[in-house]
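Here is the structure we will look at.
Reminder, nothing fancy here: chain letters follow the sequence lines and each chain counts from 1.
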Amino acid sequence: MTQETKQPNSDSDEVPYGANAVRLSGWQWLWTLGFSLGLAWLLPVVWTEFEAFDPVPHYRMPYELSEDYWLYERWIGQLPPETIPVIGDSVVWGEYTAHNGTLSHFLSNTTGMPFANAGINGLYPLALWGLAEHHGGVLANRRVLLHCNLLWMSDPEADMQFDKEQTLNHPGLVPQFAPHVPCYRADADTRLSRALERRLEPLSWVRHLQQTYFGQKSLPEWTLADDGNHPPAYPNTYRLLPGVGGVRLSAEATSPDRGLASARHEPWSANQSGKVNMEWVTPESSRQWQAFRHLAERLQGRGNKLLVVVGPLNEHMMNEATRAKHQGFRTTVAAWLDNNRIRFVVPELLPSEEFADASHPLTKGYERLAKRLAVEPVFRTWLGQ
Amino acid sequence: MLFHTWTFLLYFIATIAGFWVLRPTRYWLHWILLSSVVFYGWWHPYYLLLVFYSTALDYFIVGWMELGPRLFRPGWRLGVSCASFVLAIIVGLVAPAGWGGLAVAVVFFAAVLAVGHWLRNRRVWLVVSIINNLSVLFFFKYAGFAIENLNTLLARLGSGQLPSAESLMPLGWEYVLPVGISFYTFQSMSYTFDFYRGAIAREPSFVRFAAFVTFFPQLVAGPIERAKNLLPQFARFPRIKWSDVTDGASLFLVGLFKKVALANYLGQYVDRVYGDVPSQGGAALALATFAFGWQIYFDFSGYTDMARGVARCMGFRLMLNFRNPYLAVSLADFWSRWHISLSTWFRDYVYIPLGGNRVGGLKLCRNLLITFVVSGLWHGAAWTFLIWGALHGLGLIANRGLEQTVWWHTRCPRLAKRFVVFGFVCFAWVFFRAESFGQAMGILQRIFTAGCSDPQMPLLLLLLVVSIWAYQFVYESPLRRWLEKPPVKVMLAVAMVLWMLMFAPRGAEPFIYFQF
């Protein structure tokens, strides 16, 4: 300030470029973009050669990796053609059960055909549609079993009818711009980021690295992360790369929250008595039902042989009015599937003690459901048996 | 709208498209103005009122400076003055509840304008411009601070309290600091100053002048451009060369990397340490201060690089604002490398009018101290900024003294000088970053007394900063030609792109200098 130096940008002078040497010419930009894009697209491919991923029998996506859509795509992509993916939300994934206590596991056991648990925890029809649209391209020209969980239409809030902001699971899978989802509030930049991430593989691969190896953080954030204790310790301060470990990809870690030995694995009636009233939305106004229709059409449009399993919901906990509305909605669903030549099964209600809550069966319930499906003529025809 | 967001990318594509399509017409200038209005209004539409006021004021004042004596006869001047004053008083008196603050402001500004009309003197118009611009700046930036301190004083004297600045806002509008107010106010004022001094001609087109003040790349955080440099560039559609686009993209890439990969990372460490001072050791506080020095450099120079890059892609050249300041060998050298547009602004419009270097001894020290204290206050309304400025002023005085010793001037190695200057700058940053004077003193005390427990600064972060510092050393050495070799440049650019793609955290952190 005190040096009365010549103005750097007086009329006679060229304005100085900068204070570093990274001043690229057109050709150098082409090289830079070529290398960068090439590496960005090559790295995920090369990575699959280095990262061991041999799923155990009856594999399902680990809970911690529920938002790792790159891994999901990789896994679905390496399923043998004869394996039948079972697609759906936490009912298919098995919220209360171990990985060998889910619908796909019992279907495999009952029918002798290979079924794969392609459900993801925390999904709902709107997100399922996004998953199939953006990360389910490999779901084509094969048998696919799709579960329809009507619970999402049983309540205006679950159906995302309200304007009030909701914290959504899988926000990256919901429509970012159209159709408009009023309860999904994110600024334009976040929406654009999410829309790009699901279209560009390198970005979803980066998310995979973060989810799997960096505790769902970026590398810089990971080096700064504390251990959650007070006073905190910072275990990654002097590490430049994660050590061996992270989340197990090929198998699920035993969880105290799931499986026969879990305290959560008990009938709904153990914690709740009395019937509940559910408001239900109309099929015409339902966002989730509309999304489900898009999903089914998309899967069918890809040449899949689709079978939809509608429910079952836990009618034992519904009062009379709710049950009637449920059955009315279910009839509409069945009619639409029928009109669109999509095979479907509406299974019988399971016993009360085989439900953990309004929609999730317990292990016994899944086993019974699989056995009932296996004897359904539509199911057998679809399976080619 | 932040440069490092997807929203900006879309906005920029639309802006460039319109700019290009309109190039054969004279509306490309209107398009730039409209784009800048959208860019600035994105934060808060009511900010636009202030930037428009500041722009219109200086545009008309310079017009009155030049044309005033010819426009009005003495009788008319008196009439206009009286009418303005009476109108102002009427507005003030009949203002409904909630409009009191605005009415007072209108009365004040109209009265000042009326006096200016009456006296029709260039110097008076200059004073009118200064009073108006600084009043707006003072109200939004310093009123809260001033009222708080005055109320403390009044409370000690047992007197009544002044109303809060918030209560003076009309229509229940929120009292918030408009983004970049210090930048565009200073830019607009520099036009008036330069015209007054005869350095530039009056700009007849309001649209061109408004485009100059509000030009979106540099509107919210500089560089604070001079009319002499930027205004002529709006005279005709710029001749955009291919090299402008590649240079602009290069500048943007480096700026983006500085912000997204470095500043935000450093900021997280600094926030962690400065957010819990009592439980930190001396080494952690010292390293966090070191980290803050680099954080603010990467943050601000990153913004400037991006601003210059965006402007360059459109064929406009903004001034260089940072030149590797942490390689400075003296404080004077530091200020010729750090926030150059602001330091030259203060040099030209405060330091030199005070007498500059041409006076000797105590007056020189006074000039330096005043200039730096004002510069400190420009950054914000807090005692810590004032002390930061004063420290730099005193440091500069001491540095000048030191430069006059033979040992420092000829024997002390340049590297040692660089580290001394860097150390002093970091010491002053403590006051800049601290939330209060007490916290700053506490930090300084703990740095020397709280022991050397593990600072827990990520190794990766340290390696990044040291690598970039080393790069700067090489860049300013004879080895620079190695950095200018095409494979090295391409390799660095690819590394930056991949780093941002793979490791940058999601989400856009705002820039530190937006608060100024």
Side-chain angles (χ1 to χ4, degrees), chain A residues 1-5 7-11 14-29 31-33 35-37 39-40 43 187-193 195-197 202-203 205-207 209-210 217-224 226 231-234 236-240, chain B residues 5-7 10 226 228-229 242-243 246-247 249-251 253-254 265 268-269 272 279 305 317-320 322-324 332 335-336 340 343-344 346-347 351-352 356-357 368 371 396 456-461 471 475 480 483-484 486 489-490 492-494 497-498 501-506 508:
Chain A
M1 195 180 288
T2 56
Q3 287 179 338
E4 290 174 23
T5 50
Q7 275 276 88
N9 49 349
S10 61
D11 283 345
E14 166 76 2
V15 177
Y17 167 75
N20 65 74
V22 186
R23 184 182 193 178
L24 305 177
S25 65
W27 278 109
Q28 287 161 4
W29 262 114
W31 278 109
T32 301
L33 293 176
F35 273 127
S36 303
L37 294 177
L39 282 171
L43 280 171
D187 57 41
D189 199 59
T190 307
R191 289 172 191 263
L192 275 169
S193 299
L196 279 172
E197 185 178 319
L203 295 180
W205 172 66
V206 168
R207 165 93 52 190
L209 296 183
Q210 293 180 354
K217 295 178 170 66
S218 66
L219 173 65
E221 287 167 339
W222 175 79
T223 63
L224 286 158
D226 63 39
Y234 301 95
N236 307 321
T237 299
Y238 300 111
R239 294 164 74 180
L240 295 176
Chain B
T5 58
W6 296 109
T7 319
L10 291 184
R226 305 299 178 78
K228 194 180 168 188
N229 172 43
W242 179 239
S243 62
T246 55
D247 283 355
S250 305
L251 282 167
L253 172 68
V254 172
Y265 190 9
Q268 289 182 49
Y269 177 71
R272 188 174 89 191
S279 57
D305 286 342
R317 284 161 190 251
L318 302 182
M319 69 183 292
L320 185 66
F322 289 88
R323 205 163 43 81
N324 299 332
W335 281 104
S336 70
I340 298 167
S343 58
T344 50
F346 275 111
R347 181 197 67 194
Y351 182 68
I352 291 175
N357 294 350
L368 279 172
T371 308
L396 215 59
Q456 301 276 9
M457 183 184 198
L459 180 61
L460 180 68
L461 182 60
Y471 178 91
Y475 180 77
R480 175 175 172 169
L483 300 179
E484 288 172 340
K489 289 198 288 183
V490 169
L492 283 174
V494 170
V497 171
L498 288 182
L501 183 73
M502 292 181 61
F503 302 135
R506 301 283 191 263

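For the residue pair B:Arg226/B:Asn229, the side-chain donor-acceptor check at 3.5 Å is not satisfied.
Both the backbone and the side chain of A:Thr223 come within less than 4.5 Å of a heavy atom of chain B. For A:Leu240, the part lying near chain B is the side chain, with the backbone staying farther off; criterion is any non-hydrogen pair under 4.5 Å. For B:Tyr475, the part lying under 4.5 angstrom from a heavy atom of chain A is the side chain only. Only the side chain of B:Leu498 has a heavy atom closer than 4.5 Å to any heavy atom of chain A. Interface remark: B:Arg480 contributes no atoms to any contact with chain A (heavy atom separation under 4.5 Å). Contacts between B:Val490 and chain A at a heavy-atom distance below 4.5 Å involve backbone atoms as well as side-chain atoms. For A:Leu43, the part lying near chain B is the side chain, with the backbone staying farther off; criterion is any non-hydrogen pair under 4.5 Å. Residue B:Leu10 touches chain A through its side chain alone, counting heavy-atom pairs closer than 4.5 Å. Interface remark: B:Leu483 contributes backbone and side-chain atoms alike to the contact with chain A (heavy atom separation under 4.5 Å).
Every residue meeting the side chain to side chain contact (heavy atoms under 4.5 Å, CB included) condition with A:Leu196, not counting sequence neighbours, appears here in chain and number order: A:Leu200, A:Leu203, B:Trp6. Evaluation of the side chain to side chain contact (heavy atoms under 4.5 Å, CB included) rule for B:Phe322 yields B:Tyr297, B:Phe300, B:Ser301, B:Thr304, B:Pro325, B:Trp338, B:His339 as partners, not counting sequence neighbours.
Between atom CG of residue A:Leu224 and atom OG1 of residue A:Thr237 there is a gap of 7.5 Å, rounded to the nearest 0.5 Å. For the atom pair CG of B:Leu460 and OH of A:Tyr238, the computed distance is 13.0 Å after rounding to the nearest 0.5 Å.
Residues B:Arg272 and A:Asp226 are not in side-chain contact: their nearest non-hydrogen atoms beyond the backbone lie 4.5 Å or more apart. You'll find the side chain of A:Tyr17 reaches within 4.5 Å of the side chain of B:Ser250, heavy atoms only. Looking only at side-chain heavy atoms (C-beta outward), A:Val22 and B:Tyr471 come within less than 4.5 Å of each other.
For the set A:Trp29, A:Phe35, A:Trp27, the entry with the most heavy-atom pairs within less than 4.5 Å of chain B is A:Trp29. Looking only at heavy-atom pairs under 4.5 Å with chain A, the residue among B:Leu492, B:Leu461, B:Val254 that has the most is B:Val254. With respect to chain A, the highest number of heavy-atom pairs below 4.5 Å among B:Arg323, B:Gln456, B:Glu484, B:Met457 belongs to B:Gln456.
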